[in-house]
Each structure stands twice: as C-alpha cells, then as structure tokens.
Enquirer: 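Just dropping this structure here.
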Amino acid sequence: MAELRLGPLLRYTDGSCATVWVETDRPCTAEVRCADGARGTARSFRIAGHHYALVPVGGLTPGTATEYEVLLDGTGVWPPPDSRFPPSVIATPGDDEGMRVAFGSCRWAAPPSGGKGRVGPDALDTLSARVAADPGGARPDVLLLLGDQVYADEISDATREWIAGRRDVTAGPGDQVADYEEYTRLYYESWLDPEVRWLLSTVPSCMIFDDHDVIDDWNTSAAWLADMRATDWWQERVLSGLMSYWVYQQLGNLSPDELAADPLYTTVREASDGTDALREFAARADADPASVRWSYRRDFGRTRLLMVDSRAARVLDEDRRTMLDPGEAAWLREQVMEGRGDGDGDGDGGRNGRNGGSGSSSDGDSDGAYDHLLIGTSLPWLLPHLVHDVEAWDAAMCGGERGARWARIGERIRRGADLEHWSAFPTSFDALGDLIADAGTGPGAPATVSVLSGDVHHAYVAEPSWPGRTPDARVAQLTCSPVHNSVPLSIRLGFRFGWSAPARALGRRIARHGRCAPPAVSWRRTGGPWFGNQIMTLTLRGRSARLRLEQAHANRDGTNALRTVTDRELT
C-alpha cells in the first residue's frame, strides 16, 4: 500500500481550481476529494528514486472553503487518523473579497551544527498554531516564502550525522549537501514539522529561491562562479539544487494551464523515470541561465504578484553586470505594465517555449489592471544607506574603476561581506526604480506598489522618492526576515548603525571614492529596524492596504505566540 512521505502542500489556487503536491513512497495514483464534490487525480512521476504527484483539483466554487482528503490508490492517507489539527481546506477567493498576504524568508528547520546563538520560536510554527486554534478566524489567503526555505550549507546535527553515514564528509563539499538525495533530506526535515506540514496543507503558498537553497552567496560574481566550477563537487551540487527546487518548489508555483503547456513537466510525467530529463534541464539552466525563467506571475483578483528570480537570472560579467538578464528584465516590464497601456501585454512566460516561467494567470480581471502590485524578490531593493553605498563602491572597484589592485581587493570584500544585493548591480537598481515609478504613475496607477523581500535578518519599511516626479501609488520596500534563524548582536548593531545619519554620511564618502553616480532614487526608513523571528502580513481590500508585523515570543507557560510589533495603513 502506498504511503504519504511528504505533504500535502496546497499550492496554486484561484476561483475554480487548485493544485495539491505530495511525495509518496512508491508509484501510485494520488487523488484529492473535497467535501463539496470537487476532486482531481494524478499519476505519480519518478525522480532519482522518489515519487511525486501534483494533483489538479477542478470544479471548486469561488468564495468558499471546502475540506479535502488525499487518497493514494484509493486509500485515505490524509488527514491522519490521529491528527490533532483541524481538517485541511481549499479556500477559493470570491470576486469582491480582500486578501491577506503573509510573507517572510530564512527559515532553519533546526539550528545548524555548531550552533549560532539563540534562535527562539519559529514564526511559521507559531502562525500555524494560531490558525489551528481558530480555524474559522482570520488566516492568510496566501503565504509567500521569499527564499532560504532550506539551508544546503548550514545543516542540523541530525542531518550531518545522516550524511556522515552515507559518504565521507572529509571530502568536498564536507558536511554540506552534495546531491539530490541529500536535498530531499532537507525538505523532509523542514516540511515534516507537524505545524508547518499542516499550515502548508491548508494555506496556499508561492515560493522563490535564494542563495542558501543552493549555497551561500550563490552567483555572487563571475570569479566566484569560476572558483566553484573548478571544484570536483560543484556540478553535482548545483544540478541537484536546481532539480530539487523544480520538484519541491517551482512546480507548485504554476497554474494547471501553465503546467499543461510545460514540455518538461509533460516529459517527466510520461517517462517511467524522469531523472535524466530533469537533469538535462538543470544542466542547461546552469550553463545558460537565460534559457530558463524561474520568475512567475500570479493575479489574485485586483492584486498582481510578480515573483522575481534575483539569483539564477544574473549576468555576472563585470563589464555588463546586471541582476536580471535582458530577457528577464523585459519580461518583468511586460508583466508590470500589462493593463497600464505599455508593454506588449502578451503574457508570454516561457522564453520562446522553453520551460521555467509563468505568464499571466487567468484569475485577474480581463482588462489586466490591478489595484496593488507586489514585487517579490528575495533580496531587498532598498537597503540601509551605508550598505547601499558600500555595495555600489565595491561594484565600482570590482569593475576596475580604481585599477586592478582595487579590483582584487573589491572581490575579496564582496565575498567576505556578502555584497551582492540590488545595490551591487547599480544599473539594475536604477532600472527597477524607473519601472516602479512608471508603474505607479498616471491614469490607472495602482494604489500601492510594494517590494517584498527578506534575506537581511531584520525587518523594516523604507519609502522611496524620485527627483522631479511623484508617483500616484504609495511605494514601499517591505522587508521581513528571518522566519526562524539566529540574529546575532553584531547583526543588530550593524544594521541599526547602517540606518543612522552618521552611517549615511560615511557611505557618501565611500561612494565618492568609488566615483559612484548618485542613485536615481532616494529613500527613507519609515519603520524598524525590528529584530526577531517574524512574519509580515499585507491586508488588501479594494484600494486600501494595511501592514502588520508580528514576532514569535515564548510565553511563560511554554507556549509561543505572535505579538504585533507594528500595524499601519499603507494607503
């Protein structure tokens, strides 16, 4: 009898359909049955000895929530008979309903080997407990996980012991993840957590990778990549990382129509073993990042979400260094401006038919307009001013502005200090600012444009302004990190200073040494910095938007709770 190894994860939802992802222990037919009669089935597919199914569920009624169960070869496997959680549900949005978007990044399933200070309660676990305690109450309509869902380079003691039992950890990459099987272990450790497992079964999720999903500082620079490719272990590491990301995260980001049009998904499902096809795809994605699009678009009624790949889509050559390759940048502009009277509006997400991306979903209004634009990028666009200026200076040094010696120094600093955010790609930083200003200005402008990010292990709100123009939309950088990770004192002190006036003055001096042009946008911090395990929620209703930040705290009775740190209107 087939058994459920991992899942179910409720992934895509719109007014009439949904997808549910599962991993099973053997080949089988997975079925989802809803209490209202909606259902769907899918035959499992095989990757590297593991079996998966993504079940499309049709016939859902807009504006309803229906309980569901999962069956494998006709036998019920979810919910478990001894479950202490409420039934999992598929909730579909109605035409006039608002929505709650919860987001965050950087989650250790367990502290890594060696320990890195106090970690504290898991914000995702704590959110799950609150939703389970009041299943009829307010809950997120979608959960955005903005990178570092797993840590391939900072593993727990239990995973390290498991790895040491299957190979020699004295050889590269040591006690970091080496292959596909070891990546699957990370997802088991993270998603088998009872609270997280139940939360992901009942709240739809959208995901995008960041560096730790593969390795710290992934694609920092061309020199970094050359050094990695010179090792005898990197090729297997990166291909396995991309393969596992496609299976565990990317598939669920896509709509049923997009999945049906995806040639790789079709090949994998029809093959007796899809490993070779997926590995070939990953090798192509690694060799030519422009051949694949990991970014995607989701429309939730009058809210448009664009999840942007700010890791694999980079151009790393120093003389043309950009965060997004030209095709990716053009796609982003098209998706932002569709319905605004600019861009071709064709919604093509497949890079001339190649796998990996998603265009427009069918769940938005027919005219393509939106009241709120959410740009999800794992790395913040607007950083503390000192950090921004240091990254811009370093980019100038590495580009040869002060000669070869400074270029070598700049590369060492870039790697040692993780200087590879949007501000380390000045052309892309300004281009994103221009696009946001264009999107937020003129007839049909949305009420808000929000850049949602994580990575930097603190939370804050920053608001930009543009010389000579004032967008009609309220624009904000909303950063929330970590969900569950350590925040050492050095990080707290460093970022508090980074936002200060003396740090800003210091940054300007550093930027002058690099002969850096002033950024095309200025900004000010209007909230934070806040430190702790935390989650942000945007509540969008009509053209109004409200932001709430909550942190996980331990109570004296041993339970955990989310406490509101800030609650404010954005419009």
Side-chain angles (χ1 to χ4, degrees), residues 9-10 65 84-86 88-89 91 98-111 117-149 190-191 193-207 374 376 450 452-461 476 478-487 491-492 527-541 545-570:
L9 274 72
L10 176 61
R84 56 186 171 87
F85 295 98
S88 301
V89 302
M99 67 176 303
R100 297 178 183 87
V101 181
F103 62 96
S105 79
C106 307
R107 179 178 178 267
W108 279 339
R118 181 181 178 274
V119 178
D122 187 330
L124 214 56
D125 274 353
T126 312
L127 173 64
S128 176
R130 184 173 71 186
V131 174
D134 184 14
R139 64 166 68 193
D141 295 294
V142 65
L143 177 64
L144 310 185
L145 299 176
L146 296 169
D148 296 342
Q149 274 68 261
S190 181
W191 291 354
D193 173 293
E195 284 76 18
V196 169
R197 188 178 195 180
W198 178 79
L199 183 70
L200 294 179
S201 77
T202 200
V203 174
S205 55
C206 299
M207 306 181 189
L374 310 179
S450 301
L452 314 181
S453 306
D455 180 69
V456 291
H457 289 210
H458 72 297
Y460 61 91
V461 179
L478 307 177
T479 303
C480 182
S481 167
V483 170
H484 187 229
N485 209 306
S486 66
V487 187
I491 289 181
R492 297 171 185 257
W530 298 290
F531 300 93
N533 293 328
Q534 46 205 349
I535 196 109
M536 272 186 177
T537 301
L538 272 174
T539 300
L540 308 171
R541 189 175 300 276
R546 190 169 190 89
L547 173 69
R548 182 172 61 185
L549 174 70
E550 297 173 288
Q551 292 182 343
H553 291 272
N555 297 321
R556 292 182 177 179
D557 62 2
T559 61
N560 300 322
L562 290 173
R563 299 179 186 173
T564 299
V565 176
T566 188
D567 191 343
R568 60 176 69 185
E569 291 287 343
L570 288 184

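Note that these values count all heavy atoms, side chains included, but never hydrogens, waters or copies made by symmetry.
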Enquirer: Can you find a pair of side-chain heavy atoms, one from Thr566 and one from Val461, that are under 4.5 Å apart?
Expert: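 They are not in contact (no side-chain heavy atoms under 4.5 Å apart), so the answer is no.
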
Enquirer: For Thr479 and Met536, which heavy atoms make the closest approach, and how far apart are they?
Expert: O-CE, 3.4 Å

Enquirer: In Å and rounded to the nearest 0.5 Å, what is the NE2 to CD distance from His553 to Glu550?
Expert: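 CD of Glu550 is found 10.0 Å from NE2 of His553.
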
Enquirer: For Ser201 and Ser88, which heavy atoms make the closest approach, and how far apart are they?
Expert: OG-OG, 2.7 Å

Enquirer: Work out which heavy atom in Ser453 is nearest to a heavy atom in Leu146; give both atom names and the distance.
Expert: N-CD1, 3.8 Å

Enquirer: I would like to know whether Asp122 and Val483 meet side chain to side chain contact (heavy atoms under 4.5 Å, CB included); could you show each step before the answer?
Expert: CA-CA 6 Å; Asp122 187 330; Val483 170; 3.7 Å; yes

Enquirer: Identify the heavy atoms of Ala545 and Glu569 that sit nearest to each other, and give their distance.
Expert: O-OE1, 3.1 Å

Enquirer: Hey, is the main chain of Gly120 close enough, under 3.5 Å, to the side chain of His484 for a donor-acceptor pair?
Expert: yes

Enquirer: If only atom types and distance count, is the side chain of Asn533 paired as donor or acceptor with the main-chain N or O of Val119 below 3.5 Å?
Expert: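 Confirmed, Asn533 side chain pairs with Val119 backbone.
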
Enquirer: Pro482 versus Trp108: any side-chain heavy-atom pair under 4.5 Å?
Expert: no

Enquirer: Just by distance, do the side chain of Trp530 and the backbone of Cys480 share a donor-acceptor pair under 3.5 Å?
Expert: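 Checked: no pair found.
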
Enquirer: State, yes or no, whether a side-chain contact exists between Met207 and Leu9 at a heavy-atom distance under 4.5 Å.
Expert: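 Touching, per the 4.5 Å side-chain cut-off.
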
Enquirer: Donor-acceptor pair, distance only, cut-off 3.5 Å: does the side chain of Asp567 make one with the backbone of Arg548?
Expert: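 No, because the side chain of Asp567 does not come within donor-acceptor range (under 3.5 Å) of the backbone of Arg548.
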
Enquirer: Name the residue from Gln551, His458, Arg563 that meets the side chain to side chain donor-acceptor pair (under 3.5 Å) definition with Gln534.
Expert: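 For Gln534, the side chain to side chain donor-acceptor pair (under 3.5 Å) check succeeds only for Gln551.
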
Enquirer: Are Leu374 and Leu538 side-chain neighbours, meaning at least one heavy-atom pair lies under 4.5 Å?
Expert: yes

Enquirer: Do the non-hydrogen side-chain atoms of Asp125 and Val196 ever get within less than 4.5 Å of each other?
Expert: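 The answer is yes; the side chains approach within 4.5 Å.
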
Enquirer: OG1 of Thr564 to CG of Leu549: how many Å apart, nearest 0.5 Å?
Expert: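 Atom-to-atom, Thr564:OG1 and Leu549:CG are 8.5 Å apart.
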
Enquirer: Walk me through it: do Arg492 and Val487 pass the test side chain to side chain contact (heavy atoms under 4.5 Å, CB included)?
Expert: CA-CA 7 Å; Arg492 297 171 185 257; Val487 187; 3.9 Å; yes

Enquirer: Between the main-chain N or O of Thr559 and the side-chain N or O of Asp557, is there a donor-acceptor pair closer than 3.5 Å?
Expert: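 Yes, the answer is positive, given that a donor and an acceptor are paired below the 3.5 Å cut-off.
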
Enquirer: With a 4.5 Å heavy-atom cut-off, do Leu199 and Pro140 have their side chains touching?
Expert: no

Enquirer: CG/Asp193 to OG/Ser128 distance, rounded to the nearest 0.5 angstrom?
Expert: 8.0 Å

Enquirer: Quick check: do Val101 and Asp141 have side-chain heavy atoms less than 4.5 Å from each other?
Expert: no

Enquirer: Any heavy-atom pair between the side chains of Leu143 and Ile535 that's under 4.5 Å?
Expert: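 The answer is yes, as the side chains (C-beta and beyond) meet within the 4.5 Å cut-off.
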
Enquirer: Determine yes or no for a side-chain-to-main-chain donor-acceptor pair under 3.5 angstrom, with Thr202 supplying the side chain and Val89 the backbone.
Expert: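 Yes; at least one donor-acceptor contact below 3.5 Å.
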
Enquirer: What are the two closest heavy atoms between Val456 and Tyr460, and how far apart are they?
Expert: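 Minimum heavy-atom contact is CG2-CE2, 4.1 Å.
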
Enquirer: Taking Ser105 for the side chain and Asp455 for the main chain, is one N or O donor matched with an acceptor at less than 3.5 Å?
Expert: yes

Enquirer: Answer with yes or no whether the side chains of Arg107 and Ser190 bring together a donor and an acceptor at under 3.5 Å.
Expert: yes

Enquirer: At their closest point, which heavy atom of Pro86 faces which heavy atom of Trp198, and how far apart are they?
Expert: O-NE1, 2.8 Å

Enquirer: Once rounded to the nearest 0.5 Å, what's the spacing between atom CD1 of Ile491 and atom CG of Asn485?
Expert: 8.0 Å

